[in-house]
Colleague: 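Let me begin by handing over the structure; questions about it come next.
Quick note on labels: first sequence line is chain A, next is B, and so on, each numbered from 1. In what follows, every heavy atom counts, from backbone to side chain, and hydrogens, waters and symmetry copies are set aside.
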Amino acid sequence: MVSIKGGEYIPLYGRDSMKVKINDFLMDVYPVTNKEYIDFVKKYPKWQKSKVIKLFADESYLRAWKSDTILGENQKEQSPITQVSWFAAKEYCECQGKRLPTVDEWEYVAMANKTIPDARKEKEYNAFILGWYEKPKTFNQTIGSTFKNYWNVYDLHGLVWEWTSDFNSVLISGESRKDVDTDNNLFCGSAAINATDLMNYAAFMRYAIRGSLKAKYTMKNLGFRCVKDNKK
Amino acid sequence: MKLLKPVFLLIVASLLLTSCKEESKKELAKVDSSTIYIKGTMDAELTSPPFVPEPVGNRTAKKLLVNMEILEKEGEMTDGVKYVYWTFGGSVPGSFIRTRVGDEIEFTLSNHPDNKLPHNIDMHAVTGPGGGATSSFVAPGHNKTFSFKALNPGLFVYHCATAPVGMHIANGMYGLILVEPAGGLPKVDKEYYIMQGDFYTKGATDEKGLQPFDMTKAIKEDADYVVFNGKVGALTGDNAITANVGETVRLFVGNGGPNLTSSFHVIGEIFDKVHVEGGDLINTNVQTTSIPSGGAAIVEFKVEVPGTFIIVDHAIFRAFNKGALGMLKVTGEENKKLYSGIKQEGIYHPEGGTIQTMPNDNKEKVVVSTTEKPLAKKIADGKQLYMTTCFACHQAEGQGIPNAFPPLAKSDYLNADVKRAVGIVLHGKTGEITVNGNKYNSVMTKQTLSEEEIADVLTYVYNSWGNNKTNVSIKTVQEVKSSH
């Protein structure tokens with residue numbers, strides 16, 4: 001883990017008056033890997049795919065795995081674990097003495113590029129994220145294959161989406177255009193006029209994907225990493 | 001007079017009667033669609049453009065099951081230009097849905113597990129929140145089902161409405177759903193599905209390689225491509241739609257946008273009938289019909305003469321420079337009464353000089369001056385002619401228009417045979433040719449240029465854009481001319 005120095009930042013959906021305070025915390029350098037998750041399910045068999053409670057994971061949970069503890073043929077040990085539910089991810093982190101990051105924590109760290117903590121206005125930063133949406137099957141890559149950012153954290157962009165503890169606290173309903181009326185703090189791309197940064201639409205896609213999820217959902221493109229409070 | 005009066009009354013009475021009848025017909029048409037009884041269940045037939053499913057005809061209203069899959073996949077915008085399309089059913093525009101008023105459509109939207117993004121569908125045929133978008137928002141690897149009753153007949157657009165909405169539409173997430181009136185639409189011979197869309201790429205128009213979507217250009221409404229059916233050439237050459245002389249053609253035309261309104265036009269045809277904006281209002285004898293983004297129109301016409309009819313957005317730079325070109329190829333007997341082709345050709349002197357013709361029987365050799373201009377002068381004069389005569393089709397840099405007009409730049413076809421090139425300028429050319437490995441099948445009309453002008457313009461072409469620098473002489477032009 002690496003330490004992240006807290007601070008204030010304006011989320012994408014916010015304005016100057018809406019600064020969010022982030023405390024210092026520690027974050028995993030990489031997303032959790034297949035190998036690490038195998039070790040986890042060996043230790044906690046209730047999270048094996050044949051035993052998992054249906055309420056906590058949908059039918060696609062670990063679907064690509066050959067068996068309860070063996071990866072699928074084309075899967076690599078060092079690729080990020082995907083097809084896990086929020087319940088599973090949350091428990092994984094807790095078993096490590098950690099927790100899932102909040103949306104704000106995740107977004108705070110993820111707005112850094114290689115050299116500066118807030119690169120959201122950098123053209124190349126946005127181009128890289130958007131380019132990712134157009135690359136198929138990036139979940140097959142291994143961890144560390146993207147870039148190390150300002151905080152020495154890898155793979156926040158370009159590998160897989162990641163679970164956050166409060167992924168559904170910013171509600172995007174199925175009707176993205178209606179949300180403009182229901183929550184004035186958040187707009188959803190269709191009416192971009194009150195955005196703080198018109199061009200940062202990559203982030204809206206993250207909010208959209210989070211909005212489409214339920215806690216038991218699992219997806220090929222969705223993994224996670226853990227964080228920990230920094231108690232000095 | 002006494003006799004006339006009852007007759008007059010009868011006429012008035014019958015007029016009143018017919019108008020009453022019409023009135024009651026209208027009343028009949030206003031059946032409350034929500035109460036139409038449903039009998040049985042059937043699977044919907046879905047088709048990729050330019051094809052449409054079988055007509056509904058006069059079947060009773062049913063529960064219609066529609067299964068549509070969302071696929072994010074790479075495709076080709078035009079030769080060498082790749083683009084990642086987001087699709088409904090694997091095609092842009094998405095699968096065509098055909099239903100009838102009163103049907104209850106049970107719609108299942110499946111988001112492929114390999115996809116990166118959540119999506120949904122807003123169907124303009126739906127009466128309900130978000131046009132169904134609220135109920136169909138679906139994460140990758142999941143599906144959602146909702147149902148709606150088709151209350152209004154018409155041709156309706158559907159599209160994705162997930163944030164950022166414009167981007168989902170710009171990447172190709174739109175299509176058409178036809179709701180036929182009770183009893184169905186009148187029968188026609190051929191039906192096709194055409195949908196316009198505008199695309200925005202990081203690179204300039206025609207810049208090769210995988211081109212990412214460009215949000216800045218999209219917001220500025222500065223489209224790099226305006227195309228029918230998702231890509232340049234989706235409706236030209238081998239992909240042209242077809243009909244036979246005497247047949248009635250019905251086009252279901254949509255406009256996915258996201259930004260641009262279409263001035264839909266078929267060159268050389270007049271629409272006998274247009275369902276304005278896809279609704280009940282019928283206009284007749286229409287040249288160009290306006291289709292708003294997120295709107296549609298049904299156009300119908302009979303094809304009376306053979307030939308290739310070019311389909312365009314008559315905002316014409318889009319057609320010839322951004323891809324909005326399609327073709328309808330009509331085969332069959334010519335009808336010289338309706339269209340003669342070229343009847344005769346002559347010289348026109350606006351100053352009123354008498355037109356001199358050489359008597360045919362008197363075959364004396366005409367000595368024409370063959371004084372050749374210097375090469376540089378020829379090229380300069382030729383360039384001027386090119387810009388007024390050839391530019392529109394073959395383009396400023398001789399690059400041509402993919403799938404429509406062959407390139408002149410570095411053209412193997414051109415460089416292989418000067419006399420053939422002269423012949424084409426003199427006599428025109430129709431039919432398939434292969435230029436630099438690509439097939440073209442279009443029409444070049446014969447050019448009314450003097451021998452000297454032909455020599456000039458061809459010399460310019462041969463001395464530009466990497467061609468073989470042939471100096472075409474007036475003599476060569478004359479030789480070709482007399483050999484015919």
Colleague: Looking only at heavy atoms, what is the nearest atom pair of B/Asp114 and A/Asn221, with distance?
Modeller: O-ND2, 3.5 Å
Colleague: Do A/Met205 and B/Met167 come within less than 4.5 Å of each other through their side chains, counting heavy atoms only?
Modeller: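 Yes, close enough: below the 4.5 Å cut-off.
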Colleague: Determine whether a donor-acceptor pair (N or O, by modelled atom type, separation under 3.5 Å) exists between the side chain of A/Lys220 and the backbone of B/His112.
Modeller: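 Between the backbone of B/His112 and the side chain of A/Lys220 there is no qualifying donor-acceptor contact (under 3.5 Å).
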Colleague: Does B/Glu76, at its CD atom, have more than 12 non-hydrogen atoms belonging to other residues, nucleotides or ligands within less than 6.0 Å?
Modeller: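 Yes - once you tally the heavy atoms of other residues, nucleotides and ligands closer than 6.0 Å, there are more than 12.
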Colleague: Count the heavy-atom pairs under 4.5 Å between each of B/Asn111, B/Asn171, B/Leu210, B/Leu117 and chain A, then report the option with the highest count.
Modeller: B/Leu117
Colleague: Is B/His142 in contact with chain A via its backbone, its side chain, both, or neither, using a 4.5 Å heavy-atom distance?
Modeller: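 When you check distances to chain A, only side chain atoms of B/His142 fall under 4.5 Å.
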Colleague: Less than 4.5 Å to any heavy atom of chain A: does that hold for the side chain of B/Tyr83, its backbone, both, or neither?
Modeller: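 Contact with chain A: none, neither part.
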Colleague: For A/Glu134 versus B/Phe213, what's the shortest heavy-atom pair and its separation?
Modeller: OE2-N, 3.4 Å
Colleague: With the side chain counted from C-beta on, respond yes when B/Glu72 and A/Tyr133 share a heavy-atom pair under 4.5 Å apart, and no when they do not.
Modeller: no
Colleague: Does a sphere of radius 6.0 Å around CZ in A/Arg99 hold more than 12 heavy atoms from other residues, nucleotides or ligands, not counting ones at 6.0 Å or beyond?
Modeller: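 Yes, the 6.0 Å shell around CZ holds more than 12 heavy atoms from other groups.
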Colleague: Quick check: are there more than 12 heavy atoms from other residues, nucleotides or ligands sitting under 6.0 Å from NZ of A/Lys114?
Modeller: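 Check fails, neighbour count at 12 or below.
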Colleague: Give, as side chain, backbone, both or neither, the part of A/Trp132 having an atom under 4.5 angstrom from any heavy atom of chain B.
Modeller: both
Colleague: Provide the closest heavy-atom pair for B/Ala139 versus A/Ser212 in the form atom of the first, atom of the second, distance.
Modeller: CB-OG, 3.3 Å
Colleague: Does atom NZ of A/Lys90 have more than 12 heavy-atom neighbours, drawn from other residues, nucleotides or ligands, at distances under 6.0 Å?
Modeller: no
Colleague: State whether the number of non-hydrogen atoms from other residues, nucleotides or ligands found under 6.0 Å of B/Glu104 atom CD is greater than 12.
Modeller: yes
Colleague: So for atom NZ, which belongs to A/Lys214, do other residues, nucleotides or ligands contribute more than 12 heavy atoms lying within a distance under 6.0 Å?
Modeller: no
Colleague: May I ask you to test the A/Leu130-B/Met215 pair for a side-chain heavy-atom distance under 4.5 Å?
Modeller: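 Of all side-chain heavy-atom pairs linking B/Met215 with A/Leu130, none is under 4.5 Å.
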Colleague: Just so I know, are the side chains of B/Pro140 and A/Ile209 near enough to count as touching, which here means a heavy-atom distance under 4.5 Å?
Modeller: yes
